[in-house]
Q: 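Sending over a structure as structure tokens; questions will come in a sec.
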Amino acid sequence: MNWRTEVFAGVVGAILVIPQGITFAYLAGLQPEYGLYGAIFVTLFTSFLGSSSMMSGPNTAVAILIGSAVLPLAGRGSPVYIDYVFILCLMVGLIQLLFWLVRGARIFQYLSPSAISGISAGAGFLIVMASLDSILNLSTFNTTFFYEKLYIIVSDAKDLISPYSLFIGVVTIAGGFIGRRYSHRYFLIVAVACGYLAGMLVSFIWPQPVTELEYLGRMPLQWLPLHVPTVNIEYLMTSIKLIPYALTIAFIGLAQSLVIVRELRMTTDQEIDLDKEVYAQGLANFLAPFFSTFAGSGSFNRSKANRSLGASTPLSGIVAAGFVLLLITFLGPILTYMPMAAMAGTLFIVGLDMIKWSDVKHYAPERPELVIYLATFVGIVFFGLATGIAIAVFLSVSVFLLRISQLDLSVERDASQATLKVKGSLFYASVSHLTEQFRTLRDQDLTVDLQYTTHIDQSAVDFFTHEAGSMATHGTALTLLVNDQQRAFLLSLGLSDTITLRSTQPDEGDAASE
Amino acid sequence: MNLTRSLIRVRRRSAFLASVFAALAALLLTPTALAQQSLPSIEQLVNEPFLDDYYSNVVYGYQIVNDTQHFASRYVGNALNCKNCHLNSGTKADALPLNVAGMYPKWRAKNGKRNGIGLRIRECFVYSMDGIMPPDDAPEVLAIAAYVTYLSQGEVMGAEPEGRGVPTLPATGYDPNPANGRAVYLEQCASCHGEQGGGVGDMPPVWGMNSYNRGAGMNRIDEAAGFIWANMPLGQDKSLTHQQAFDVAAYLNLQYRPADPRQSKFLKLLEDLLP
């Protein structure tokens, strides 16, 4: 381990996480300091307890889900709202710890990568839509579908849109796109700086009572923001509505983190324990409310930056957390006059980056993957993130089940007998595929080659027994070509002795060729 | 069998009668019940373990009014709290009481447009608190609006509540004299507000960079004089003469304080960026 590399990666991570923490707190409907505490404490706990160089902390999808879960229960950012967010995060942490207890990390292998890409693209779209609020200085308003919002913005542009705010937002976005030509890693910092300067220019020419610009304001930051979340019977009764969201957040948080961790395990030589990562995420999210912050998960973009700087241990995450604490202590007074339009401009760029045309091209050759990707994206855009995630999970699992219940059957027949080769898993869902083949081959002696079959269950054995009986009435016989293990297994499941079992061992093969 | 059935019937009938009586009683008692069901007091609300969205905002608003430095620190630029001018948490008559929700929206000359209660609260943050104007959906603004609404229960919509604002002092016939004002200030006010106007202990600064700015209502001599006459020195209301109140107000206005955010933008920028 080269500790210099780790520390440098941590410092860069800290610089990257500050605008994200602030904007994701905005997405979650909370004051910016909660996001910054998340960038400190969630990052610290996950890196400290985990085993990889993954950077955790505030996350887009999790933040959006927190916002949409709690908003029906209380006004944005009000004390009750914050209490509900904390209860939600406690639930999320508990659910994730439950996942750890049942060693559930492997469940997430069934979530197709195209589903993760679709969720990310959908979240990007939601971010872009949310960022419009601040770029145009609108009061938050919700519409059922996104195009209604666009329609209202366009049709009432003259009354709704604040030109000052729009100017700052456009400068920020332009700064980001120009900055990207020169530095792929720091362009967001360039964008924020451009937005800040544009804000200074505006406030120099017009006073704030005229522009009504929204500023970040003075953040009451503490080094150790300890807080005991309010949990009493009334809160618990009303937060029953939050349980489906808690499940979704716990699931999507772990799914994203484990995708990152799996990629790290495949491409680097870090010693990574998936279950330990689940434990770290769960405990960090459970502890988050005690440190005045909300749940998070692994972050794709920061983990990528961290890797490209050569970090390979959790130390970089710990350093990042400490450095955020230092940075915000000194940056606090400067951040006070950060226009929210500039923050939203960076959010706009981040969101736009999450919708990738290359993803569509990547999944296009594989039809089911493309369907999962597009259905997830459309589901999120029209019905919200939670519904979209449900669609993604449902489709991934369906595609997975369809795939494993598929049998690869090939028939060789000659005058007297037929041979049926079965590849795949032979179980209750896939046995029915055999039925048709058996019907056409019934009038001949049949050999079923099971040596490439991965799994056989009771219903398959029952099926063979039944078919052997009906073939006997037609005067034909059924032979199964099996290896020794399968023979013992089939006999233990009670295979009828009217079926001949032939071994595939080489000496037996010699005997057969005699 | 028969006995139990009739017993059940009796029981049913008595239950029915009881419910009818209960309904009648409820109908008869409704007006008195409504009258008795007055607003929960703010102390009751503060001690409540769980409050709905409205009342939790009322409590939050009450906390902001009492301790603005802590609960609304995001938008505050000086060392004042709302309760420094809105005495007794905005419940004292003639001390800018906050029971004015019924009067908004209304047109105000200050900004030349129709003001909702939200905009009025946001302007307080810009001028009296010398801070940043919060967005109209900031939780702090909504909470104060809820508290103002709570205090305004029972007032007539559109009418001016008793003791609104500060009393308008009649003209004394003499110009305000800051030199006399200084003498009165040092004698009567300096023990709490400090000889340099910086405030002593919990008492608010009345000038200097930690006080209200040039755009605040308190920066107008009439308004300040009315407030001083009606409420100052604390606990000895109306002990000063009108002329003394005018003189002290004039003296306060001569002192340095943060600039009006509408006029000297460059100065304002420096003020805010340099500690």
Side-chain angles (χ1 to χ4, degrees), chain A residues 26 29-33 71-84 133-134 137-141 162 165 199-221 230-238 332-334 336-341, chain B residues 48-61 63-64 69-77 110-113 118-119 122-123 125-127 129-143 145-146 215 259-270 272-275:
Chain A
Y26 175 79
L30 292 166
Q31 283 82 347
E33 59 266 21
L71 204 56
L73 297 178
R76 248 176 101 83
S78 65
V80 178
Y81 185 94
I82 294 167
D83 285 338
Y84 278 125
D133 279 353
S134 276
N137 208 10
L138 313 172
S139 305
T140 40
F141 68 99
S162 154
S165 189
M200 294 289 268
L201 185 69
V202 168
S203 72
F204 180 61
I205 304 175
W206 294 281
Q208 209 212 346
V210 171
T211 58
E212 300 200 7
L213 274 181
E214 186 177 349
Y215 289 109
L216 203 55
R218 295 169 181 80
M219 284 180 286
L221 292 165
T230 329
V231 178
N232 57 35
I233 193 75
E234 284 89 353
Y235 272 115
L236 292 181
M237 294 282 279
T238 41
I334 298 174
T336 302
Y337 282 87
M338 175 69 74
M340 283 310 273
Chain B
E48 203 73 34
F50 176 83
L51 293 166
D52 63 5
D53 198 16
Y54 170 65
Y55 278 120
S56 69
N57 269 311
V58 169
V59 169
Y60 186 31
Q63 288 167 334
I64 291 175
Q69 292 298 325
H70 178 238
F71 289 99
S73 55
R74 183 177 313 289
Y75 302 112
V76 174
K110 183 160 186 165
N111 47 26
K113 56 182 172 188
L119 182 58
R122 292 160 71 203
E123 293 212 327
F125 278 101
V126 179
Y127 301 114
M129 305 306 291
D130 187 38
I132 302 169
M133 185 183 245
D136 50 8
D137 53 356
E140 288 88 349
V141 173
L142 298 179
D260 187 338
R262 290 166 298 184
Q263 270 142 32
S264 38
K265 269 94 62 180
F266 184 63
L267 204 63
K268 205 69 201 164
L269 219 59
L270 287 184
D272 289 326
L273 289 180
L274 304 176

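Remember, it's a predicted structure, so these values are computed and weren't measured experimentally. Computation of the quantities below employed the complete heavy-atom set of this structure, encompassing side-chain atoms and omitting hydrogens, waters and symmetry-equivalent molecules.
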Q: Minimum heavy-atom separation for Val80(A) and Ser56(B), please, with both atom names.
A: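 Val80(A) and Ser56(B) have their closest heavy atoms at CG2-OG, 2.8 Å.
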Q: Whether the side chain of Glu214(A) engages the backbone of Pro135(B) through a donor-acceptor N/O pair (distance < 3.5 Å, no angle test) should be reported.
A: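 It does not hold such a pair.
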Q: Examine whether an atom of Leu142(B) lies under 4.5 Å from a heavy atom of chain A, and if so say whether it belongs to the side chain, the backbone or both; otherwise answer neither.
A: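 When you check distances to chain A, no heavy atom of Leu142(B) falls under 4.5 Å.
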Q: If I measure from the heavy atoms of chain B, does Thr336(A) come under 4.5 Å with its side chain, its backbone, both, or neither?
A: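 Looking at Thr336(A), backbone and side chain both touch chain B.
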Q: I need the minimum non-hydrogen distance between Arg218(A) and Tyr75(B), along with the two atoms involved.
A: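 Scanning both residues completely, I find the closest heavy atoms to be NH1-C, 4.3 Å.
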Q: Gln31(A) and Pro139(B): which non-hydrogen atoms are nearest, and at how many Å?
A: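 For Gln31(A) and Pro139(B), the tightest heavy-atom pair comes out as NE2-CG, 3.7 Å.
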Q: Just how far is it from atom CG of Leu51(B) to atom OG of Ser78(A), taken to the nearest 0.5 Å?
A: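 Separation between the atoms: 11.0 Å.
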Q: With a 4.5 angstrom heavy-atom cut-off, which part of Ile233(A) approaches chain B: side chain, backbone, both or neither?
A: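 Interface part for Ile233(A): neither.
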Q: To the nearest 0.5 Å, how far apart are CD1 in Ile132(B) and CG in Leu216(A)?
A: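 The CG atom of Leu216(A) is 8.5 Å from CD1 of Ile132(B), to the nearest 0.5 Å.
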Q: Checking heavy atoms, do the side chain of Val76(B), its backbone, both or neither come under 4.5 Å from chain A?
A: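 Contact with chain A involves the backbone of Val76(B) alone.
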Q: When rounded to the nearest 0.5 angstrom, what is the spacing between CG in Asp136(B) and CG in Asn137(A)?
A: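 So the gap between those two atoms works out to 8.0 Å.
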Q: For Tyr54(B), is it the side chain, the backbone, both, or neither that has a heavy atom closer than 4.5 Å to a heavy atom of chain A?
A: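 Neither; nothing under 4.5 Å.
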Q: Only one of Asp53(B), Asn57(B), Val59(B) forms a side chain to side chain contact (heavy atoms under 4.5 Å, CB included) with Pro79(A), so which one is it?
A: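 Exactly one pass, corresponding to Asn57(B).
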Q: Work out which heavy atom in Leu119(B) is nearest to a heavy atom in Glu212(A); give both atom names and the distance.
A: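 That closest heavy-atom pairing would be CD1-OE2, 4.1 Å.
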Q: Non-hydrogen atoms of chain A under 4.5 Å away: do they reach the side chain of Lys110(B), the backbone, both or neither?
A: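 It is neither, since no heavy atom gets under 4.5 Å.
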Q: What part of Asp52(B) is in contact with chain A, defined as an atom under 4.5 angstrom from a non-hydrogen atom: side chain, backbone, both or neither?
A: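 Backbone of Asp52(B) only, per the 4.5 Å heavy-atom cut-off to chain A.
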Q: Look at the side chain of Arg262(B) and the backbone N and O of Pro207(A), then say whether any donor-acceptor pair between them is shorter than 3.5 Å.
A: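 Here the side-chain-to-backbone pair does not exist.
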Q: In the structure I gave you, are the side-chain heavy atoms of Thr211(A) and Met133(B) within less than 4.5 Å of one another anywhere?
A: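 Side chain of Thr211(A) against side chain of Met133(B), heavy atoms only: no contact under 4.5 Å found.
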